[in-house]
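First comes the structure, then the notes that go with it.
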Amino acid sequence: MTTRYRVEYALKTHRRDQFIEWIKGLLAVPFVLYSQPTGVFETRSSSVAQMAAEAHRRYAEIMLDVEHMIDDHIEHQDVGTDGQSKLKLLVPSIGTFFTRLPLADAFRYQDRKRFISSRRFVPPSFNDIRLILNTAQLMGVTSAGRLDLATFDGDVTLYDDGQSLEPANPVIERIIYLMSRDTKIGIVTAAGYTEAERYYGRLHGLLEAIKASDILTPAQKRNLVIMGGESNFLFTYSPDSPFLLSHLSRRSWILPSMSTWTQPTITSLLDLAESSLRECVTNLSLSATILRKERAVGIIPSIPGAKFPRESLEETVLVVQKKLEMSEVGKKLPFCAFNGGNDVFVDIGDKSWGVLVCQNYFGAGEKGKGGGSIRGERTLHVGDQFLSAGSNDFKARVVGTTAWIASPAETVELLDELRAMMEMGKPAAATEEGDRLEKDLLARVDKLFEKHPMPSA
């Protein structure tokens with residue numbers, strides 16, 4: 001039994017999102033009942049149209065049922081009994097919801113774009129549901145009020161893995177648009193540098209565009225921070241600095257709960273992580289170099305351009321993570337072990353702390369206006385790594401709303417959806433008025449695509 005559990009966990013569980021897989025299973029039933037694969041042999045278009053209409057109706061009903069279960073979970077959550085909600089019993093890994101998720105409306109919107117109901121051989125997929133959840137979250141955020149803070153991962157979210165944010169990247173003007181609406185921006189990245197020059201090298205396209213922008217006020221231009229090393233190094237936009245960034249002393253921004261992260265404890269955790277990484281390098285015969293930083297340790301290829309097997313990266317993450325979780329120091333100090341695509345790193349802290357710092361930093365600036373730390377329902381974190389192990393965006397879910405993207409092109413599309421919703425002022429509703437708003441939303445997004453084309457995936 002133990003061996004079977006270990007194999008199933010290592011090979012399957014950490015590669016799944018239970019909530020998405022559960023919804024996928026629910027939608028599989030109407031797909032089997034109403035899809036018409038024999039329609040490929042028929043010439044009657046009415047048969048396929050009827051099939052699509054019936055499938056659309058059933059999919060929307062199921063998404064509405066899930067939406068109601070989320071509402072019930074939120075009600076339990078508000079009184080501290082979320083462990084007793086029906087959704088928690090059905091999906092034990094479900095976490096905190098910061099807003100409602102209008103899933104039925106989000107499905108109708110995505111079905112108009114992806115023609116999910118018209119498919120006869122391919123059922124609703126993981127990606128279909130992921131994108132529906134993204135749209136629902138945008139609808140939930142925009143209906144809850146103003147988006148005060150948007151945070152972004154770097155690699156694979158804003159730019160391709162290992163690349164930089166170049167001036168021609170279409171995401172730049174989308175971020176500047178958010179800043180013009182007084183949304184604060186945080187780039188929360190695993191890249192842990194202590195020098196502004198290194199971050200300028202990765203983000204120069206955005207920094208120079210902000211400097212040159214004539215639609216942003218001087219105050220709005222300062223609404224950008226870079227949180228490096230997950231939650232360890234904070235830089236703010238500074239037009240007078242040589243690299244347009246100014247490093248802030250840690251003592252000026254750390255949260256009270258972070259003050260217990262003492263240097264001896266940090267050194268002890270990194271030492272254990274390093275020894276675990278060396279063990280994996282030996283056991284898996286990896287041509288790897290150990291890289292030790294101030295608040296991180298990891299492995300990178302010894303040979304430039306070489307690639308580690310994906311399975312070796314995942315094995316290394318799981319081994320190191322388990323060893324740290326079972327250690328005394330791992331119980332005292334938060335950490336993040338993650339697969340970076342062709343490296344594995346262990347950072348002190350994680351992105352939940354990084355986003356919390358951004359919420360507190362910008363919220364403190366608003367205190368004179370009656371503000372405080374920016375709340376989770378007014379925060380959106382966009383990233384590409386949300387699986388339960390080896391994914392460093394995963395923990396951001398506990399401090400704010402999130403959107404799970406798979407490429408920089410998807411980030412652009414997501415931000416265009418967000419802009420259309422912000423300009424409409426309210427999300428689509430499940431009524432005739434909702435249908436009109438959905439069409440309006442699609443039309444607005446199409447117009448944005450015409451004005452600002454997306455990059456090819």
Please give me the minimum heavy-atom distance between [X] and [Y], naming the atom from each residue.
X	Y	value
Ser117	Met51	O-SD, 3.6 Å
Pro256	Ser259	O-OG, 2.5 Å
Pro92	Gln18	CD-OE1, 4.1 Å
Ile176	Ser213	CG2-OG, 4.1 Å
Pro408	Tyr159	CG-C, 3.5 Å
Leu178	Ala150	CD1-CB, 4.3 Å

Worksheet item: Taking only residues two or more places apart in sequence, or in another chain, which ones meet Ala196 in a side chain to side chain contact (heavy atoms under 4.5 Å, CB included)?
Response: Phe235, Phe243, Leu245
Item to complete: Mind checking side chain to side chain contact (heavy atoms under 4.5 Å, CB included) for Gln110 and listing every partner two or more places apart, or none if nothing turns up?
Response: Lys113, Arg114, Leu131, Ile132, Thr135, Glu417
We want to know whether [X] and [Y] form a side-chain donor-acceptor pair, criterion being a heavy-atom distance below 3.5 angstrom.
X	Y	value
Ser180	Gln220	no
Gln50	Tyr34	no
Asn127	Ser125	no

Checking [X] side chain against [Y] main chain: does a donor-acceptor pair fall under 3.5 Å?
X	Y	result
Thr142	Leu138	yes
Ser246	Thr236	no
Asn232	Ile348	yes
Arg295	Gly229	no
Lys24	Ile129	no
Asp161	Asp155	no

Quick check: do [X] and [Y] have side-chain heavy atoms less than 4.5 Å from each other?
X	Y	result
Ile23	Leu27	yes
Phe233	Ile226	no
Thr401	His381	no
Ile210	Met179	yes
Leu244	Lys211	yes
Asp82	Ile94	no
Ser164	Leu203	no
Ile172	Tyr177	no

Atom pair [atom1] ([X]) and [atom2] ([Y]), whose distance is rounded to the nearest 0.5 Å:
X	Y	atom1	atom2	result
Asn223	Lys184	CG	NZ	5.0 Å
Thr189	Phe152	OG1	CZ	13.5 Å
Leu248	Leu234	CG	CG	5.0 Å
Leu418	Met422	CG	CE	5.5 Å
Phe308	Glu314	CZ	CD	14.0 Å
Trp404	Leu414	CH2	CG	14.5 Å

Item to complete: With salt bridge (Lys or Arg N to Asp or Glu O under 4.0 Å) as the test, would you mind laying out the steps for Asp347 and Lys395 before giving the verdict?
Response: CA-CA 13 Å; Asp347 284 328; Lys395 292 185 178 179; over 6 Å; no
Between [X] and [Y], does at least one N-O distance fall below 4.0 Å, as a salt bridge requires?
X	Y	value
Asp416	Arg419	no
Asp72	Lys88	no
Glu410	Arg130	yes

Worksheet item: Does any pair with a residue in residues 246-259 pass salt bridge (Lys or Arg N to Asp or Glu O under 4.0 Å), and if so which ones, sequence neighbours excluded?
Response: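 Applying salt bridge (Lys or Arg N to Asp or Glu O under 4.0 Å) to every pair that reaches into residues 246-259, excluding sequence neighbours, yields Arg250-Glu294.
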Practice prompt. List for me each residue that meets salt bridge (Lys or Arg N to Asp or Glu O under 4.0 Å) alongside Arg222, sequence neighbours excluded, and say none if there are none.
Written response: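 Counting only residues at least two positions away or on another chain, Arg222 forms no salt bridge (Lys or Arg N to Asp or Glu O under 4.0 Å).
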Worksheet entry | Test salt bridge (Lys or Arg N to Asp or Glu O under 4.0 Å) applied to Asp148 - qualifying residues, sequence neighbours left out |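 Here the qualifying residues are Arg146, Arg378.
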Worksheet item: Could you go step by step and tell me if Leu206 and Glu166 meet the side-chain contact (heavy atoms from CB on, under 4.5 Å) rule?
Response: CA-CA 8 Å; Leu206 174 62; Glu166 301 293 342; over 6 Å; no
Item to complete: Show the numbers, then the answer: is there a side-chain contact (heavy atoms from CB on, under 4.5 Å) between Arg397 and Phe98?
Response: CA-CA 9 Å; Arg397 286 178 167 174; Phe98 291 91; over 6 Å; no
Under the rule for side-chain hydrogen bond (donor to acceptor under 3.5 Å, both in side chains), what residues qualify as partners of [X], not counting sequence neighbours?
X	value
Ser238	Ser241
Ser85	His73
Thr96	none
Thr379	Gln359

Listed pairs under 3.5 Å, donor-acceptor, residues 59-69 side chains, sequence neighbours left out:
residue, atom, partner, partner atom, Å
Glu61, OE1, Arg57, NH1, 3.4
Glu61, OE1, Arg58, NH1, 2.6
Glu61, OE2, Arg57, NH1, 2.6
Glu67, OE1, Leu103, N, 3.0
Glu67, OE1, Ala104, N, 3.1
Glu67, OE2, Arg100, NH2, 2.8

Worksheet item: When you look at Arg108 and Asp111, which way does the salt bridge (Lys or Arg N to Asp or Glu O under 4.0 Å) test go after all the steps?
Response: CA-CA 5 Å; Arg108 293 186 185 98; Asp111 199 26; over 6 Å; no
Fill in: By ring-ring contact (aromatic ring centres under 6.0 Å, His included) - contacts of Trp261 (at least two apart)
Trp353
Worksheet item: Who passes ring-ring contact (aromatic ring centres under 6.0 Å, His included) against Phe19, sequence neighbours left out?
Response: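 Phe19 satisfies ring-ring contact (aromatic ring centres under 6.0 Å, His included) with no other residue.
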Practice prompt. Could you give me the CA-CA distance, side-chain angles and deciding distance for Ile187 and Val225, then say whether side-chain contact (heavy atoms from CB on, under 4.5 Å) is met?
Written response: CA-CA 6 Å; Ile187 311 296; Val225 298; over 6 Å; no
Worksheet entry | NZ or CZ of Lys293 within 45° of Phe345 ring axis and under 6.0 Å |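 Positive - Lys293 is close enough to the ring of Phe345 and near enough to its axis.
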